[in-house]
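This report concerns only the one structure given below.
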Amino acid sequence: MAANHMITVKGVALSSDQRLELYSLFKQATEGDCEDPKPGLIDLVGRAKWGAWNRLRGMEPVEAMKSYLLKVTELCPDWLAEAQGQPPGDAGTVTQEDMKKDLQWEGSDKEEDENGAGLGFGVTVSTMAAGQGNTAEWGANEEIFAAASDGDVVRIRDLVSSGVKVDAQDEEGRTPLHFAADRGQSSVISSLLALGAAVDSRDADGMTPLAYAVACENEKEVELLVQAGADANAADNDGCTPMSSAEESVKHLLIRPESSAA
Amino acid sequence: MSNGADILRMLKKQQIESALARAGAAAASKGPKEHKFWDTQPMKKPGEEPEEPGEIETKTIDDVKPEPYNMPPGFEWCHVDVMDAAEAEEVYTLLSENYVEDDDNMFRFDYSKEFLRWALTPPGYSAELHVGVRSSKGKLMGLITAVPTQMRVMGSSIKTVEINFLCVHKKLRAKRLAPVLIKEITRRVNRMGVWQAVYTAGVVLPTPLACCRYYHRSLNPKKLIEVGFSRLANRMTMARTMKLYKLPDNTNSANVSAMQPEDVPSAHALLSKYLEQFKLAPQLSEEEFAHWLLPREGVVDCFVVKDRNGKVTDMCSFYHLPSTVIGHAKHRTLNAAYSFYNVATTVTMTELMRDSLVLARNLGMDVFNALNLMQNQEFLQTLKFGIGDGHLQYYLFNWRCKEITPQEVGLVLL
């Protein structure tokens with residue numbers, strides 16, 4: 001297996017990560033979602049490949065094909081030109097050759113894990129498979145939501161100074177502040193408020209960022225929003241308020257001292 | 001991105017299709033995997049579709065050698081006695097440090113000592129079949145166990161053992177101990193006049209009797225996301241996820257109670273009758289039923305609904321199998337409930353299982369796991385179970401018969 005560590009696509013050396021990426025895209029493009037059982041504990045290559053493929057669960061085969069071609073082009077920019085230089089009808093062989101290499105790799109780890117053959121008796125550790133529910137990526141003009149979710153304060157400042165609205169709403173009426181409250185990104189909350197974000201924006205269900213922070217029991221974020229004047233009694237479309245739905249862990253944070261309330 | 005579109009435009013659709021078709025054919029012609037060890041064992045061969053079920057290899061006790069298989073130098077066989085506190089601790093340590101992990105090595109099963117005692121000491125168990133390997137320094141380095149069960153497989157009632165807890169210390173994985181452990185436990189089981197065994201595994205070996213899939217129901221979604229058990233999609237919010245999985249505070253059925261010893265006869269009758277419909281199911285005696293299903297704190301829970309005469313009409317049960325969260329700053333343990341045996345007669349299976357989820361949540365479980373066997377398919381979607389990345393294959397050693405579907409499986413192993 002070790003001797004096999006690098007393969008080449010048209011003379012370009014590929015790392016294991018690149019091979020894994022090509023492999024997984026190829027499998028997704030040709031076979032769709034991974035339905036194979038997880039390989040044994042000792043079959044490290046098999047497990048890596050299985051994992052890479054399984055992570056693409058839900059990706060449309062056409063998308064996988066597109067990404068595969070993009071990746072090949074990135075690694076070997078000339079392949080298409082070369083292919084097009086060939087007589088018609090042969091153009092497909094370059095792609096196929098690359099694919100075949102991935103397949104050879106798949107067949108190359110013959111080494112049966114005899115030690116591992118029995119390991120894995122009993123139940124298996126299973127986790128939630130990826131790709132369930134709405135897995136759509138953020139679009140180009142929705143970058144501020146991704147930045148708020150990920151805690152990327154610098155990016156948010158750049159976006160706002162380049163004209164993106166600090167209270168931009170996504171298709172469900174959620175603002176960057178909602179995402180920051182939801183994902184427990186306290187530094188993003190501070191930045192957004194400093195940039196003039198409205199503290200009590202409502203999403204499509206009438207929920208405020210404070211309602212999100214309360215639902216998630218994100219104590220620090222609840223505190224920050226309350227300090228900024230968020231309304232603990234703002235009722236959503238179901239009539240629920242942050243105060244009425246708060247668990248004990250955050251409820252005390254909603255009660256402002258008399259002095260500041262007055 | 002535009003680059004990708006250009007490429008696609010340039011490549012004729014036909015070319016892509018033909019390349020994909022040829023590549024697909026290459027993948028299909030790979031042929032079956034070789035299994036050096038398993039191919040020598042009395043197992044149904046891949047692709048074999050036997051008409052008549054039956055034994056693959058028929059032997060008598062005299063054909064089985066009385067002395068154990070040889071161990072590599074520096075190792076010796078031993079029995080482990082899980083009723084002994086010190087030995088139970090050794091087994092616990094071996095398994096908690098070396099047993100099954102998930103694909104990304106984030107979680108490892110953490111069977112409690114009480115759980116191991118429950119799993120290994122049903123009526124009729126033999127300490128002879130709790131086989132260990134010790135190093136010359138006396139350290140427990142390997143384990144394999146068998147416990148007896150009468151099994152019904154498509155109309156035949158067979159004396160079997162359930163094989164479990166095959167574990168080899170991480171340092172010894174190069175020594176090929178697993179096949180020796182399997183051969184040795186087979187020898188010991190055979191010497192007792194038992195010729196068939198059932199076991200499950202996440203991996204595919206020659207040849208599964210049934211292939212099942214795991215499903216998971218989030219009970220504590222925030223923790224599951226924090227530990228990486230599940231992921232939060234970009235556009236999904238934690239707030240909504242928590243709302244989605246929120247369960248009522250109390251069970252819908254007002255008179256659900258933990259099963260008591262006096263409920264055993266009628267609950268046993270209920271389950272035995274119920275299991276008759278499945279092609280693979282255990283045939284539990286009343287004593288065995290009591291062992292497997294009477295509640296044991298932190299190990300197994302069983303709840304029943306009774307009619308006016310005290311007869312059990314519905315039952316749900318799950319066992320507790322926590323996993324260690326490997327290298328996490330905030331969370332050490334993931335508490336998982338595994339669906340065990342459930343029978344619904346006065347409510348629907350979905351209603352019963354919703355109550356089971358509430359009961360598991362109230363006992364501090366983070367996730368409720370179920371396989372797509374028995375009637376489980378009926379409620380998985382309605383009750384918001386998500387598909388897992390784990391498969392579970394059922395195997396029957398030295399018995400040939402046709403493959404069965406998950407819905408025909410009426411057996412849950414630990």
Side-chain angles (χ1 to χ4, degrees), chain A residues 26 29-30 37-42 47 50-51 54 65-67 69-70 73 80 84 91-92 95-96 99-100 103 106-107 110 112 114-130 132-138 146 149 170 174 178-179 182-183 207 211-212 215-217, chain B residues 3-4 7-8 10 15-16 18-20 22-24 26-27 30 34-38 100-104 107 109 163-166 173-174 176 178-179 182 199-205 214 216 222 229-231 233-239 242-243 323 386-393 413:
Chain A
F26 175 78
T30 52
K38 205 185 290 184
L41 270 179
I42 301 300
R47 288 168 78 84
W50 186 91
N54 199 47
M65 185 69 205
K66 222 188 273 179
S67 304
L69 292 172
L70 265 179
T73 308
L80 188 61
Q84 286 179 327
T95 336
Q96 198 206 348
M99 287 175 168
K100 254 170 38 195
L103 281 177
E106 174 170 50
K110 274 274 190 287
E112 177 61 47
E114 200 164 321
N115 309 300
L119 294 170
F121 268 22
V123 293
T124 356
V125 178
S126 171
T127 60
M128 205 73 89
Q132 304 187 43
N134 180 1
T135 55
E137 299 289 325
W138 289 116
S149 302
D170 75 352
R174 299 171 298 199
H178 280 101
F179 280 93
D182 191 77
R183 304 295 158 100
M207 288 175 77
Y212 278 53
C216 301
E217 296 179 54
Chain B
N3 196 10
I7 293 170
L8 278 186
M10 281 187 270
Q15 287 168 356
I16 296 178
S18 94
L20 288 176
R22 271 174 288 172
K30 261 191 314 155
E34 255 183 71
H35 295 268
K36 280 182 206 149
F37 171 70
W38 284 105
V100 187
E101 292 177 6
D102 73 306
D103 208 50
D104 301 317
F107 308 101
F109 281 142
I163 305 284
N164 208 340
F165 304 115
L166 170 59
R173 298 250 164 109
R176 311 199 162 209
I182 295 166
Y199 51 92
T200 56
V203 292
V204 176
L205 309 166
Y214 272 106
H216 309 285
K222 193 177 181 202
F229 182 92
S230 41
R231 276 160 294 262
N234 284 335
R235 290 168 187 273
M236 192 61 181
T237 59
M238 187 77 85
M242 291 175 73
K243 212 169 176 180
S323 289
I387 195 163
D389 60 11
H391 294 248
L392 193 69
Q393 273 67 238
L413 297 185

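Heavy atoms only: backbone and side chains are in, while hydrogens, waters and symmetry mates are out. Convention: sequence-line order gives letters A, B, ...; per-chain numbering from 1.
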Q: Heavy atoms only: give me the nearest Y214(B)-S126(A) pair and the separation to one decimal.
A: CB-OG, 3.4 Å
**Q.** Shortest non-hydrogen contact from A215(A) toward M242(B)
**A.** O-CE, 3.1 Å
Q: Grab the two heavy atoms, one from D389(B) and one from W50(A), that are nearest each other, plus how far apart they are.
A: O-CH2, 3.1 Å
**Q.** Atom pair CZ/OG of R235(B) and S149(A) - distance to nearest 0.5 Å
**A.** 10.5 Å
Q: Output the distance between atom OG1 (T127(A)) and atom CZ (R231(B)), rounded to the nearest 0.5 Å.
A: 6.0 Å
Q. Under 4.5 Å between any side-chain heavy atoms of T237(B) and R174(A), yes or no?
A. yes
Q: Could you pull out the closest heavy-atom pair between K222(B) and E217(A), with the gap in Å?
A: NZ-O, 3.7 Å
**Q.** Contact summary for N234(B) and E137(A), nearest pair of heavy atoms
**A.** ND2-OE1, 3.2 Å
Q. So what's closer than 4.5 Å to chain A heavy atoms on L413(B): side chain, backbone, both or neither?
A. backbone
Q) What closest approach, in Å, do C216(A) and A239(B) show between heavy atoms, and which atom pair accounts for it? A) SG-N, 3.5 Å
